[in-house]
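Per chain, numbering begins at 1; letters A, B, ... match sequence-line order. In this text the structure is predicted, and so the values were computed from the model without any measurement.
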There are 2 protein chains.
Amino acid sequence: MTRVERAKKGEITDEVKQVALKEGLSAEEITRDIAEGRTVILRNNTHEIEPVAVGRGLKTKINANIGTSKDRISLDEELKKLDLLVELGADAVMDLSTGGPVRDIRKLMLRKSPIPVGTVPIYEAALKAAEEYGSIVRMTADDLFDVIEEHGREGVDFITVHAGLTLKAIEHLKEQGRVLDVVSRGGAFLVEWMIYNERENPLYEQYDRVLEIAHRYDMTLSLGDGLRPGCLADATDRAQIQELVTLGELHQRALEAGVQSMIEGPGHVPLNQVELNIRIQKEICRGAPFYVLGPLVTDVAMGYDHIAAAIGGAIAAASGADFLCYVTPAEHIRLPSLDDVREGVIASKIAAHAADIAKGIKGAWQRDLEMARYRKARDWEGQIRMSFDPEKVRRYRESVPPAETDVCSMCGEFCAIKTVERALKKK
Amino acid sequence: MTRVERAKKGEITDEVKQVALKEGLSAEEITRDIAEGRTVILRNNTHEIEPVAVGRGLKTKINANIGTSKDRISLDEELKKLDLLVELGADAVMDLSTGGPVRDIRKLMLRKSPIPVGTVPIYEAALKAAEEYGSIVRMTADDLFDVIEEHGREGVDFITVHAGLTLKAIEHLKEQGRVLDVVSRGGAFLVEWMIYNERENPLYEQYDRVLEIAHRYDMTLSLGDGLRPGCLADATDRAQIQELVTLGELHQRALEAGVQSMIEGPGHVPLNQVELNIRIQKEICRGAPFYVLGPLVTDVAMGYDHIAAAIGGAIAAASGADFLCYVTPAEHIRLPSLDDVREGVIASKIAAHAADIAKGIKGAWQRDLEMARYRKARDWEGQIRMSFDPEKVRRYRESVPPAETDVCSMCGEFCAIKTVERALKKK
């Protein structure tokens with residue numbers, strides 16, 4: 001039996017109890033939310049990791065993407081990135097490798113990662129088709145399902161399947177016109193395949209096969225948005241919303257089949273449309289967990305897209321998004337370096353944490369209160385401990401040491417906190 | 001006659017015409033907004049710079065703080081920071097020097113800066129009192145007004161005066177209690193002075209003198225929030241709002257005296273209180289321009305406070321804030337380095353730009369559309385040109401050059417845009 005099936009029967013599992021303890025919610029509530037499709041637990045039933053829950057009333061989770069491309073293949077570097085993002089507090093990792101021995105890389109990640117691992121099977125299927133048949137378009141549906149099955153068997157905890165990208169959605173795309181048609185890699189592969197073969201998306205047409213495999217391993221489906229907007233001008237258009245409607249339908253079918261699923265969302269969205277995007281998803285998809293990429297609130301932040309994504313991500317999560325995919329400073333330019341991964345994870349953590357405070361998530365507020373008290377006490381070690389990147393704070397502090405050790409070198413002796421403390425004591 | 005006085009008479013000056021041209025608004029509208037206190041133009045009538053307007057319906061402006069402290073005094077470095085922040089597109093700069101020859105530094109800044117320069121005169125007055133009398137509390141009101149007069153005469157375009165920080169506000173502070181009482185440096189000096197001398201704040205008590213000086217040089221008053229919250233727990237409390245009420249009164253008195261003024265705002269504010277803070281300011285202060293510091297949406301982003309501020313700043317500006325003071329990664333730790341200034345200015349520019357798109361500011365959208373078109377065309381030089389930090393984007397791109405030059409090394413040959421372009425051409 002899968003989690004959803006157990007939850008529907010009202011069975012409260014040890015796994016749910018474990019999650020409930022971490023989240024500060026009751027196991028009964030979480031069980032009901034799993035049964036009704038509002039919360040998922042990311043863990044393949046063959047994968048030995050701590051389960052991570054994503055959904056209603058839970059701490060906002062963040063995911064970090066890593067992986068090779070043909071232009072940069074270093075297993076060692078990818079493993080270092082994995083260690084780093086785990087250390088910085090990422091809740092999940094996606095291996096998006098498309099260069100080198102992708103299967104070996106994935107297996108290594110699955111073995112080494114203490115947090116849930118996600119993949120996008122169409123990448124590997126496309127790679128194989130390109131290698132074996134000379135083109136992605138010659139891939140067969142069976143090729144694709146074989147890869148999905150393999151990922152499930154190996155222990156992948158969640159997979160992106162762009163099953164809502166239908167021929168009808170492509171028609172919307174063509175008739176409406178876009179500035180940047182498709183920016184999802186998996187989406188693009190499928191669009192080319194469908195147009196070339198004049199056939200429906202196998203992930204949609206044979207969605208039952210997807211569900212069967214996911215059911216076998218209790219693997220969570222991340223219903224991909226192949227038509228997510230790639231620039232502000234394309235945001236919230238008919239193609240995007242058409243796909244969202246289909247994703248809502250697929251989420252319901254998954255739930256009925258006892259399979260967990262979440263919905264993927266944009267992308268590039270103007271600041272004043274972010275909340276709207278979350279609310280429409282929550283309505284159309286009946287409260288399904290929402291996993292957003294960014295959203296980036298401007299297209300021009302190249303080199304600093306982690307900041308554009310932190311703005312959009314914070315607003316999205318405060319409006320109800322459950323899971324943020326990080327964006328690094330390297331987005332739109334190159335694969336991220338170790339430093340980019342650090343910047344990306346921390347920007348995402350800040351966004352998620354700010355949103356958790358706004359949403360009133362249990363315990364979120366406490367950390368800020370502690371920081372404020374350490375600040376009041378000018379307790380530098382305490383402040384360093386409370387921060388997301390203690391090493392950086394320490395390095396900064398030591399670079400310009402203040403003459404008086406209980407203040408900082410910004411105000412030096414003219415420390416406001418110290419001045420007012422002295423003044424208030426006087427009376 | 002001052003700008004406000006001319007505007008009240010309906011006189012449309014060349015300066016306003018110049019501003020109107022840059023902003024894409026009519027000179028009549030801007031003139032009316034100046035007359036009614038909703039827009040200010042930052043320029044001392046003796047300072048030869050391009051005027052910068054802040055207020056209703058205008059592009060969100062950003063300010064960068066620089067200056068020495070006793071722990072770090074390097075004129076050369078401060079001038080480099082000035083050049084850098086101007087190059088990166090800051091709209092104004094504040095010289096907050098409190099170490100070394102502060103008067104010489106300010107004069108140099110005023111001579112070198114092509115953008116408006118702001119100061120906080122109480123800093124220099126406090127410094128002088130500490131040097132001459134051994135303590136800030138021995139400063140006389142005349143000492144303070146002498147410094148304000150001097151700043152005006154030298155050409156400072158806007159000054160922060162914490163005139164709303166009254167004995168009554170301090171009573172609120174004491175009776176309510178706060179985690180972090182006062183984090184404004186100028187505010188802290190005044191609190192200590194008031195408590196020690198058992199006297200009202202001279203900036204409040206002799207506000208007419210402030211107005212007289214400001215009037216003489218057509219210098220804009222930035223009505224400082226000495227009681228701005230220094231942590232989320234203190235946000236939107238009675239002390240803060242009491243001071244805001246007084247600031248609203250002072251803004252009106254300034255307008256009646258023909259003097260421009262804007263209101264300074266927080267600080268540290270939970271994400272879900274940011275919009276509220278802007279809306280209450282706009283109501284209480286009758287649409288006066290709002291100049292916010294951050295706001296930081298979490299207290300724990302030390303080392304990355306520019307990101308916490310970009311989140312809060314974007315939401316604030318989208319809700320109506322007109323002027324964002326940048327926050328750098330060094331905030332709460334040390335004076336910013338050149339790199340910190342770069343990160344701070346760009347984070348603030350991203351926040352302001354994202355908000356301008358959301359607010360529908362003329363022309364804001366166009367830049368993103370151009371970027372998207374360059375992206376579609378895989379025109380790398382175009383994309384680099386559209387970005388905030390072209391040098392960084394170029395460096396990133398060159399660090400991992402893709403095998404195919406029209407794509408990036410993230411997806412390499414599996415470029416979504418290229419794939420779909422090929423597919424859509426097929427049919």
Check whether any side-chain heavy atom of B:Met371 sits under 4.5 Å from a side-chain heavy atom of A:His332, and report yes or no.
-> no
Quick one: side-chain hydrogen bond (donor to acceptor under 3.5 Å, both in side chains) partners of A:Glu413, sequence neighbours excluded?
-> B:Lys70
Before giving the answer on side chain to side chain contact (heavy atoms under 4.5 Å, CB included), spell out for A:Val300 and B:Glu370 the whole-Å C-alpha distance, their side-chain angles and the decisive distance to 0.1 Å.
-> CA-CA 9 Å; A:Val300 300; B:Glu370 274 185 66; over 6 Å; no
Going by heavy atoms in the side chains, are B:Arg375 and A:Val179 under 4.5 Å from each other?
-> no
Counting heavy-atom pairs under 4.5 Å with chain B, the top scorer among A:Glu343, A:His268, A:Lys349 is A:Glu343
Would you please name every residue forming a ring pair (Phe, Tyr, Trp, His ring centres under 6.0 Å) with A:Tyr304, sequence neighbours left out?
-> none
Scored by heavy-atom pairs under 4.5 Å with chain B, the best of A:Ala372, A:Gly412, A:Ser387 is A:Ala372
Ranked by heavy-atom pairs below 4.5 Å to chain A, first place among B:Ala330, B:Ala364, B:Gly187 goes to B:Ala330
Heavy atoms only, distances under 4.5 angstrom: which of A:Met194, A:Met386, A:Arg397, A:Arg367 has the most pairs with chain B? Name it, please.
-> A:Arg367
Is any side-chain heavy atom of B:Lys392 less than 4.5 Å from a side-chain heavy atom of A:Pro329?
-> yes
Per-residue tally against chain B (heavy atom, under 4.5 Å) across A:Ile136, A:Ile384, A:Val182, A:Val407 peaks at A:Val182
Out of curiosity, B:Met302 CE to A:Arg394 CZ, how far, rounded to the nearest 0.5 Å?
-> 11.0 Å
Taking the six-membered ring of A:Phe414 as reference, does the NZ or CZ atom of B:Arg185 fall below 6.0 Å from its centre and within a 45° cone about the axis?
-> no
Pairs of heavy atoms under 4.5 Å with chain A: top-ranked of B:Leu173, B:Ile346, B:Thr98 | B:Ile346
State, with a plain yes or no, whether a side-chain heavy atom of B:Leu271 is found less than 4.5 Å away from one of A:Ile357.
-> no
For the atom pair OG1 (A:Thr419) and CG (B:Leu190), what is the distance rounded to the nearest 0.5 Å?
-> 11.0 Å
Check whether A:Arg72 gets within reach of chain B through its side chain, its backbone, both or neither, counting any heavy atom under 4.5 Å.
-> side chain
Contact part of A:Leu96 toward chain B, heavy-atom cut-off under 4.5 Å: side chain, backbone, both or neither?
-> neither
Straight-line distance of A:Tyr396 OH to B:Leu335 CG, nearest 0.5 Å | 12.5 Å
Would a 4.5 Å heavy-atom cut-off, applied to side chains only, mark B:Ile333 and A:Gln383 as touching?
-> no
B:Lys376: which of A:Asp299, A:Asp181, A:Asp234 passes salt bridge (charged side-chain N to carboxylate O under 4.0 Å, His left out) | A:Asp181
Going by heavy atoms in the side chains, are B:Ile350 and A:Ile311 under 4.5 Å from each other?
-> yes
Count the heavy-atom pairs under 4.5 Å between each of B:Val297, B:Val183, B:Val191, B:Ile307 and chain A, then report the option with the highest count.
-> B:Ile307
What residue, out of A:Ala233, A:Pro336, A:Ala355, has the most heavy-atom pairs lying under 4.5 Å from chain B?
-> A:Ala233
Assert top hit (heavy-atom pairs under 4.5 Å, partner chain B, pool A:Ala188, A:Gly313, A:Gly186) equals A:Ala188
Any chance CD of B:Glu404 has more than 12 other-residue heavy atoms, nucleotides or ligands included, within less than 6.0 Å?
-> yes
Which atoms form the tightest heavy-atom contact between B:Trp365 and A:Pro270, and what is the distance?
-> CZ3-CG, 4.0 Å
Counting heavy-atom pairs under 4.5 angstrom with chain A, the leader among B:Asp368, B:Asn272, B:Asp340 is B:Asp368
What residue in B:Cys231, B:Ser69, B:Gly312, B:Ser337 has the most heavy-atom pairs under 4.5 Å with chain A?
-> B:Ser69
Do the side chain of A:Asp71 and the main chain of B:Ala403 share a donor and acceptor less than 3.5 angstrom apart?
-> yes
Should B:Ser399 and A:Arg334 be marked as a side chain to side chain contact (heavy atoms under 4.5 Å, CB included) after you check the CA-CA gap, both sets of side-chain angles, and the distance that decides it?
-> CA-CA 8 Å; B:Ser399 68; A:Arg334 67 167 194 208; 2.5 Å; yes
Heavy-atom distances under 4.5 Å only: say whether A:Trp193 touches chain B with side chain, backbone, both or neither.
-> neither
